[in-house]
There are 2 protein chains.
Amino acid sequence: MSRTKMAPTKLKKTAAGTGAETGSPDISWQAQKSAMTRDRILDAAINCFVELGYTHVTTARVADSAGVSRGAMLHHFPSKPELIQAAVEYLHNKLLEDYTARVTAIPTKLKGKARRRAGIDAYWAHLTGDLFVVYHELLVASRTDPELERILASSQQLFEQHVRETNESLFSEWQDRGDRFLLAMDVTKFLMEGMAASRLMTDRTARVNRLTNYLADRLEEIFLEGDSSAVGRHTKRS
Amino acid sequence: MSRTKMAPTKLKKTAAGTGAETGSPDISWQAQKSAMTRDRILDAAINCFVELGYTHVTTARVADSAGVSRGAMLHHFPSKPELIQAAVEYLHNKLLEDYTARVTAIPTKLKGKARRRAGIDAYWAHLTGDLFVVYHELLVASRTDPELERILASSQQLFEQHVRETNESLFSEWQDRGDRFLLAMDVTKFLMEGMAASRLMTDRTARVNRLTNYLADRLEEIFLEGDSSAVGRHTKRS
DNA sequence: GATAAAAAACAGACGTGACTGATTAAAACA
DNA sequence: TGTTTTAATCAGTCACGTCTGTTTTTTATC
């Protein structure tokens, strides 16, 4: 938004004054302030990713959005690649938080089928949020950006692992379903990510709703498969 | 702005009717040469999209890749946006050709289930080709590029319609399946596009194979649904 | 039909604006 | 006062678009 300095929101100094402040020796007040500026800059960077798109982000815009001068920012992040790396890791953490928050927010009284359906809807909300949109853009950009690929390769793996562990604990009824749990997660993941990535399709909401319902039915089918007549229908081929 | 496709039609009128050249060649040598250069430039542009990624493409690189000078290119495409628009439309046509070619290449002796499976594999080959990767990148970039969004919005619609018509004629056994045909196409489209977009996942081939087999089974299910006990299972909800 | 004029295609150099990183000056703090 | 943090300015690079000049093809005139 507006440029202006508005001087870094002077946070209170807690009467630190004399420098005694043995109360917090490890983290000096300067360090706190520095860390706050860092976070402000990283938040601004994410914001720029959302509003401008990864390729249109410049150091000047991030600094402006954060309300600091370029000099100040370059003090914290000496070069653009270092800023990008920090911002991507920051985004990665926010993504994890977002997914975890949405899934753990499912009422505990929901059980069985209703709970699984709520999980689908939570994942869809996660996928259509700004954070995932930006993350997806980064993944695409990484095809021709080795540095970005290096940064994302690890976080991608960590994210999948985290999602899997979270799901294993929150949907523990799949515990004895073995590989069928992985199949269910993959079907959900790729079908919904495919839908999320198609921004320009016609009849979006109608098709999304139909496919989401279809997916929910398939997950029930996979879950109950051991008890139905459809055993082994899609385990191997070719 | 709009640079209509056929540049060669810019022939002058030769109003001074000497009458001698009433049978003048409709397409002069000059026009042919111009069109050839145009196509060389557009091919080079697509190539740059593939090798460098949309965001790293510059007019100089395209000209260099095409083997013409920047001045020559600027003569055919006065500005970068005009070049991009022409290149995107060119890419769109190549995409249509690619899909059509792959699907029509399915042996006619394949029938029923085997034919449907071949369709899935053909679509997967299409999605993992360079052309679709680039198209997907453009789609992502269009989020923060209004001009690109305008160009893609129409081509996206045209592509879906073309695919639908092609499939209707090549998989005519779905003719009386009504909406279930649309469902089958959507499930295929989004699940496979979701897989294609995930470049960095672990165990890629194994998971892709499993999901592809799963998808093939689901399509058979949808196709046979009218004759099975599963009628109406996933037609409506909320 | 030959030749000159006109138009189109092609080629390269220049200026402008934007972005990055470095350097220097000011301010806040201990 | 001395050090750390913030602000402002400078130089180098890159990409784009305009400009001018050259070659090739078409049209007009004799």
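In the text below, chain A, chain B and the rest are named by the order of the sequence lines, each starting its count at 1.
Looking at which nucleotide of DNA chain C each of A:P81 and B:V68 is closest to, the 5′-most match is held by B:V68.
Classification of B:R164 and B:E168 as a salt-bridged pair holds, one side-chain N sitting under 4.0 Å from a carboxylate O. Residues B:K94 and B:D98 are not paired through a salt bridge, judged by the lack of any N-O separation under 4.0 Å between the basic side chain and the carboxylate. A salt bridge links B:K189 with B:E160: the closest approach of a Lys/Arg side-chain nitrogen to an acidic carboxylate oxygen falls below 4.0 angstrom.
Distance, B:M73 CE to C:dA8 P: 20 Å, rounded to whole Å. We find that CZ of B:R38 is positioned 12 Å from P of C:dC10, with the value rounded to whole Å. The CG atom of A:L74 sits 18 Å away from the P atom of D:dT4 (whole-angstrom rounding). Nucleotide D:dC16 holds its P atom 15 Å from the CZ atom of B:F77, rounded to whole Å. Rounded to whole Å, the distance from CD1 on B:I84 to C1' on D:dA15 is 13 Å. Remark: C1' of C:dT20 and CD of A:E82 are 13 Å apart, rounded to the nearest angstrom.
Side-chain polar atoms of B:N213 and B:R117 form a donor-acceptor pair below 3.5 angstrom. Defined by atom type and a distance below 3.5 Å, a donor-acceptor pair is present between the side-chain atoms of B:Q85 and B:R150. Judged purely by distance below 3.5 Å, without hydrogens or angles, the side chains of B:H162 and B:T100 pair a donor atom with an acceptor atom.
For B:H76 and C:dA8, the shortest distance from a side-chain N or O to OP1 or OP2 is not below 4.0 Å. At least one side-chain nitrogen or oxygen of A:T37 sits closer than 4.0 Å to the OP1 or OP2 atom of D:dT6. Side-chain N/O atoms of A:H75 include one lying less than 4.0 angstrom from OP1 or OP2 on D:dT5.
Annotation for A:A122 and A:R102: closest pair O-CD, 3.7 Å, computed over non-hydrogen atoms.
In this structure, of C:dG21, C:dA11, D:dT6, it is C:dA11 that holds the atom nearest to the side chain of B:A72.
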Taking N or O atoms only and anything under 3.5 Å, show me the protein contacts with nucleotides 13-19 of chain C, one pair per line.
residue	atom	partner	partner atom	Å
C:dC19	OP1	A:R61	NH2	3.2

